[in-house]
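Encoded as structure tokens, the structure appears first; notes follow it.
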Amino acid sequence: MSVSMTGSGEIAIPVESSKSAMTWGPIFGGAAAAIGVTLILLLLGSGVGLTMVSPWSGQSSSLGTVGVTAAIWLVVVQWLSSGLGGYITGRLRTKWAAVHTDEVFFRDTAHGFISWALATIFVAGFLASSLTSLAGAGAQAVGSAATAAGTAASSTASAADLPTAYFTDALLRPEQARAGATSDDTAATAEVSRILLNGAAAGQIPDDDKAYLATIVSARTGLSEADARTRVDTVLKRIDDAKVAAQKAADEARKAASTTALLGALSLLIGAFIASAAAAFGGSQRDEEEDLLVKARI
């Protein structure tokens with residue numbers, strides 16, 4: 001505490017309030033209001049969003065459209081909840097007496113920002129808990145599917161033994177492949193599967209493997225060598241098309257996730273500004289009218 005001396009020799013001691021400038025009641029009240037509005041709007045958006053997706057082919061919106069729409073809705077939710085929470089925080093606070101106007105404006109703004117931060121942390125924790133539960137259920141489903149797939153694949157070769165099995169097949173590949181494919185259908189099917197899996201892992205199927213596949217197809221189906229080669233090329237083209245479609249879907253999902261993240265960060269920044277401005281606006285409305293206490297003269 002600094003003490004100054006006046007011109008008349010008197011000591012001037014600065015006046016400092018014993019109360020904190022932070023009032024937690026209005027902050028918690030505004031945060032609670034913002035959380036309630038956020039949850040209501042999120043549920044509303046989830047209901048509307050489910051109408052945009054469908055398990056039936058051709059009846060669902062694209063992944064990019066769903067992602068952008070969800071991002072825009074999150075922005076709207078953030079702005080509305082932040083504005084309401086900040087305004088309530090500013091209006092509920094008790095008026096400070098003998099405090100400079102600029103200081104009152106700063107305190108109201110800070111109260112709105114803290115209220116927004118509390119509401120955002122709560123909602124983020126709630127969403128993280130929900131996503132964790134969904135991820136756990138998804139991981140359990142994937143684990144069950146992987147167990148089933150591993151059981152089905154155990155009759156041919158395990159994923160770790162696939163490269164060895166493929167090269168072993170190449171070493172022991174008979175000259176008369178037609179006779180071998182005709183005599184043992186199970187072995188021929190397993191070998192074709194290993195060739196296709198190795199081609200998928202390597203990114204392409206060598207020409208000698210294509211010729212060998214055509215020979216097996218010809219022996220199994222009775223087609224001519226040329227027709228069997230055409231069938232092999234057609235199937236490989238479909239595999240490539242499926243791979244390209246999967247890569248395209250993954251790229252669209254990446255773009256949608258990137259857009260959602262960027263818009264989410266922007267909405268949080270603007271939400272913080274809106275909450276602070278709304279609290280300052282609510283505080284100015286609170287202080288517009290001054291209540292006077294009239295005492296009779298003695």
Side-chain angles (χ1 to χ4, degrees), residues 52-68 137-259:
M52 301 178 62
V53 296
S54 173
W56 306 107
S57 177
Q59 298 184 9
S60 179
S61 301
S62 64
L63 184 61
T65 302
V66 174
V68 172
Q140 184 177 2
V142 171
S144 301
T147 302
T151 303
S154 61
S155 60
T156 56
S158 65
D161 297 333
L162 176 60
T164 304
Y166 168 75
F167 290 115
T168 301
D169 292 337
L171 288 173
L172 301 179
R173 188 173 294 172
E175 289 292 335
Q176 301 297 329
R178 176 182 294 274
T182 305
S183 61
D184 192 349
D185 292 345
T186 303
T189 303
E191 187 174 3
V192 169
S193 299
R194 288 192 290 269
I195 292 174
L196 293 177
L197 289 174
N198 183 77
Q204 62 179 358
I205 296 180
D207 292 336
D208 57 341
D209 284 347
K210 292 182 181 179
Y212 184 68
L213 288 175
T215 301
I216 295 178
V217 171
S218 177
R220 292 288 303 278
T221 62
L223 296 173
S224 64
E225 289 287 343
D227 292 339
R229 185 60 183 265
T230 301
R231 177 176 291 187
V232 169
D233 292 338
T234 301
V235 172
L236 294 180
K237 178 66 167 52
R238 292 171 60 185
I239 294 175
D240 290 338
D241 292 342
K243 184 189 300 184
V244 171
Q247 292 175 345
K248 183 179 179 181
D251 186 61
E252 290 181 355
R254 177 190 61 82
K255 292 180 180 179
S258 176
T259 302

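Each residue takes its place number in the sequence, starting with 1.
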Working to the nearest 0.5 angstrom, can you tell me the gap between Asp240 CG and Ile205 CD1? 8.0 Å
Nearest heavy-atom contact between Val232 and Lys210 is CG1-O, 4.3 Å
In this structure, are over 12 heavy atoms from other groups packed under 6.0 Å from Arg231 atom CZ? no
Salt bridge (Lys or Arg N to Asp or Glu O under 4.0 Å) partners of Lys255, counting only residues at least two apart: Asp251
Minimum heavy-atom separation for Ala228 to Ala214, with atom names? CB-O, 3.3 Å
Before giving the answer on side chain to side chain donor-acceptor pair (under 3.5 Å), spell out for Asp227 and Ser224 the whole-Å C-alpha distance, their side-chain angles and the decisive distance to 0.1 Å. CA-CA 5 Å; Asp227 292 339; Ser224 64; 3.1 Å; yes
Using modelled atom types only, decide if a donor and an acceptor are shared between the side chain of Ser258 and the backbone of Arg254 within a distance under 3.5 Å. no
Residues Asp241 and Lys237 bridged, charged N to O under 4.0 Å: yes
